[in-house]
Amino acid sequence: VRKMTLTKGVNTPFHELMDLAASRFQGVQLQPTCQFLDADGDQLTVSSDDELRDALEGATSAGSTPIFTMEAAAVKEEDPDAWMVVGSVPSPGEQNPGPQSGSDGLASSNELVFWVNGDKHTLTDPDPSLLLVNYLHSVGLTGTKIGCGEGGCGCCTVTLSKPTTNPSSDAPASEVLSVNSCMRLLCSVDGLEVTTTEGIGSQKEGFHPIQEKIAEGNGSQCGYCTSGWVMNMYSLMESTAEPTASDIEQHFDGNLCRCTGYRPILESFKTFASDGCGHDHSHADACADIEDSGKCQKRCGGQAKACAYKRAPPLSADVAQHRASAKLLHFKEAASGDQWFRPLTLSDLATIQASPHARGAPLAALPSGADVKLVCANTSIGVAKYFPVGTAQPAPTGPKVTIDIKDVVELQAVSEDAQGMTVGGVVTIAKLITAMEGSKWMTAASDPASSPFGAAVRHLKRVANVQVRNAGSWAGNLMLTKNHPAFGSDIVTVFSALGVTLQVGAADGTRSLMSMEDFFDADLTGKLILAAVLPSNAPAPGSVVHFHTFKTAQRHVNAHAIVNAGFNIVCDAATGKVSKATVVFNGVAKKLLFAHKTEQALIGSPLNTAALTAALAAAHEDVATTGASLDPRHTPDYRNALVDSFVYKLFLHCQASLDPRIASALTPFAAAEDRPVSSGVRSYDTDPAEFPVSKALPKLSAQIQASGEASYVSTMQPAQGLHAAIVYSTKANAKIVTIDPSPALTMP
């Protein structure tokens, strides 16, 4: 049984009904006709537009839901794929379809298995282009909203959980992350638990403490974004033992609210802070009602963390078992021919690329028009559309082939040695930041925040937002910049200034090392980024390292750089002269700019006024030689002015002392991590003598907005019936003689 929505109502063409049915019963070939039971109990055959219209109009008049019966076409027994039904559940004693095997012995599964709010979902050959948020809506979970569709507003936030090995216990631990479901491809959630706001609390099951708090604290007005705030907070509470008020405030750079205001939202969430209660919850100041005897009376106003939160139970054993027995995945969508692969090792990837496999030729044998793409989290779809492609490429004309490499074990490693740190290609930006913060090159520094790793971490925390950093990989960000040179990537700038070396290779085992500068000119056909080697940049005896990065954007976080810059300057401790310099600008030229003329202007000179004048002139020459940025949103003069300001600030940072008149130039904008925790006071102009009249009360619908149960037009399933839209006449003061609806009826 499949529920289908006919957006054209009674005007739905018959072929669209059958196409929709085919998409809902993937893997099953249907007969070209269907059966319909009318209000009189007669079985009618429907095979044309007119017959379908009559059936739908009859059902509408009778006030009933039309039910159609589709029949599967005869299939050959030697074609096992034809028998696979989306969402099928084997009967007791029946075996699940085992791994498929191609002629080369490559075993794969075409089943996607994941859990949503504790319920197991099994899909066969799902559509590789289907987004997680759209799937959630299709199964009735519309509490997860669609806003910007590019990871910028956070209203689509859900929680992803997966079992991990707990070194201190035999029981499996869980990794819990908040991600944007509007960019997450459904096929990438195999073996994961997806939690939406409906899964943590509801009117029927009782609201979750987070849902209650945001409602009680007047943190929901229109409520459209509320479920995203709730789930990001839920992810923080489930992944952090005792978050502080500062932790909470810094966790929401990926959530926007356009009507309520941030104070009531943050104040509501900070009631869960380990350092934010400050209330006496001894509850011994009054006798309880007999009906409430033995219950917490919340004399603290419900503010105490101990009164408010209980963590979710651990993931089920089924989830851990599925992850432990993970297989290479291969999905093929019947209608489009699009394919999805999920290799687990580089050997799997090499086999996919070069060998025949079940239901398909090797990727090397695909037609030239095929669109083959490696993905880790698909977060680039929120950015790439704003920037032109660098090298002109013919538009793909064949099927899309997506290879999800995030589970390739060889690409997940993080290690540290005497020279620095090596980070695998699919390590997320968030994990990269955590690894750098915990490395000895930062923790052992005399001033960790000012060390090269410390300065780099501070800049990396301005990349995108929590949800995107949780999902996107640093290597994916580099590839985004390689394909879209006008994108002013912060990661590229930081890595280039650090002197990162990339390990690039093919799945067959070939390896090569290349600098960041060489990477952007290299042909990577058939290759991928395996790892990055981050040098420690620890100063040698007798030298001083000045590492600084800068960024100007429309917002401090969650905003692309207009221009950014990185400087890695090594000076002789005795003379103050520059012995080595790396200068990188991004966003000012048509591609990432390694400013070699600026570097040469610095080397051999002390960082004085004469060197500053020479460096500024050289920087302008570097920009002019490379060519202006291709991004039309800001003028070249403005971008050049930003370069001047960055060079000037570098020189100020490198001085032993500064005249107070110019020292203020180094006073930075107060970033979120530098500001004290916000606070606010609310008051109500009420008269207690008139209560309950004028008494302030939380909005009655706030709780169901927080739980995702409130209805919005954009998430309603359209009912059967007629739909109208406003159109404008091309003539004024005229009479409508006839209307030709045929162009409208041809629209999807």
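Being a predicted model, the structure only gives us computed values, none of them experimental.
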Notebook entry, point to check: If you take all heavy atoms of P243 and M237, which pair is closest and at what distance?
Noted result: CG-SD, 3.6 Å
Margin query: If we count only N and O atoms by modelled type, under 3.5 Å, do the side chains of H121 and Y135 hold a donor and an acceptor together?
Written below: yes
Checklist line | Exercise: do E193 and N117 side chains pair donor with acceptor under 3.5 Å | finding: no
Checklist line | Aromatic centroids of Y224 and Y712 separated by under 6.0 Å | finding: yes
Next item on the list: Check the angle between the aromatic planes of F550 and H653 and answer parallel, tilted or perpendicular using the 30° and 60° thresholds.
Entry: tilted
Margin query: Can you see whether S202 engages E198 through a side-chain donor-acceptor pair at a distance of less than 3.5 angstrom?
Written below: no
Margin query: Any donor-acceptor pair under 3.5 Å linking the side-chain atoms of T157 with those of N232?
Written below: no
Margin query: Aromatic contact between F646 and F585, with the criterion being ring centroids under 6.0 Å apart: yes or no?
Written below: no
Item checked: Nearest atoms (heavy-atom pairs only) where C257 meets G261 -> SG-N, 3.9 Å
Item checked: Check: G143 main-chain N/O paired with S227 side-chain donor or acceptor under 3.5 Å -> yes
Item checked: W229 and Y262 aromatic centres sub-6.0 Å -> yes
Check: So, are K385 and E150 salt-bridged, with charged N and O less than 4.0 Å apart?
Finding: yes
Next item on the list: Locate the shortest heavy-atom distance separating M442 from M436; write the atom from each residue and the value.
Entry: CB-O, 3.6 Å
Note to self: Under a plain distance cut-off of 3.5 Å, with no hydrogens placed, do T159 and S235 share a side-chain donor-acceptor pair?
What the structure shows: yes
Item checked: Full working for salt bridge (Lys or Arg N to Asp or Glu O under 4.0 Å) between D318 and K120 -> CA-CA 9 Å; D318 288 346; K120 185 177 181 179; 5.9 Å; no
Next item on the list: Examine the side chains of T244 and D275 and answer whether a donor and an acceptor come within less than 3.5 Å of each other.
Entry: no
Next item on the list: Establish, from distance only, whether the side-chain atoms of T226 and S220 form a donor-acceptor pair under 3.5 Å.
Entry: yes
Check: So, do L132 and L185 sit near enough that their side-chain heavy atoms are less than 4.5 Å apart?
Finding: no
Check: Atom CD in E242, atom OG in S274: separation rounded to 0.5 Å?
Finding: 5.0 Å
Checklist line | Option among K162, R342, R323 that satisfies the salt bridge (charged side-chain N to carboxylate O under 4.0 Å, His left out) test with D190 | finding: R342
Next item on the list: Could you walk me through whether F269 and H251 pass ring-ring contact (aromatic ring centres under 6.0 Å, His included), step by step?
Entry: CA-CA 11 Å; F269 288 162; H251 192 69; 9.8 Å; no
Note to self: Under the criterion side-chain hydrogen bond (donor to acceptor under 3.5 Å, both in side chains), I'd like the reasoning laid out for H137 against T142: C-alpha separation, chi angles, the key distance, then a yes or no.
What the structure shows: CA-CA 5 Å; H137 284 198; T142 56; 5.9 Å; no
Checklist line | Partner of W474 under side-chain contact (heavy atoms from CB on, under 4.5 Å), chosen from V492, V463, I529 | finding: I529
Next item on the list: Answer with yes or no whether the side chains of S268 and E216 bring together a donor and an acceptor at under 3.5 Å.
Entry: no
Notebook entry, point to check: Do you see a donor-acceptor pair shorter than 3.5 Å between the side chains of N558 and N465?
Noted result: yes
Notebook entry, point to check: Under the side chain to side chain contact (heavy atoms under 4.5 Å, CB included) criterion, do F114 and L186 qualify, and how do the steps go?
Noted result: CA-CA 10 Å; F114 59 103; L186 177 67; 3.7 Å; yes
Notebook entry, point to check: Quick one: OG on S629 to CG on N586, what's the gap to the nearest 0.5 Å?
Noted result: 9.0 Å
Item checked: Minimum heavy-atom distance between T428 and N470, given as atom pair plus value -> CG2-O, 3.4 Å
Check: Considering all heavy atoms of both residues, which atom of A456 and which atom of L498 are nearest to each other, and what is their separation?
Finding: CB-CD1, 4.1 Å
Notebook entry, point to check: Considering all heavy atoms of both residues, which atom of S188 and which atom of R184 are nearest to each other, and what is their separation?
Noted result: OG-NE, 3.1 Å
Notebook entry, point to check: Any ion pair linking D631 and R639 (charged N to carboxylate O, less than 4.0 Å)?
Noted result: yes
Item checked: Exercise: do K699 and Q705 side chains pair donor with acceptor under 3.5 Å -> yes
Next item on the list: To the nearest 0.5 Å, tell me how far T144 OG1 sits from N134 CG.
Entry: 11.0 Å
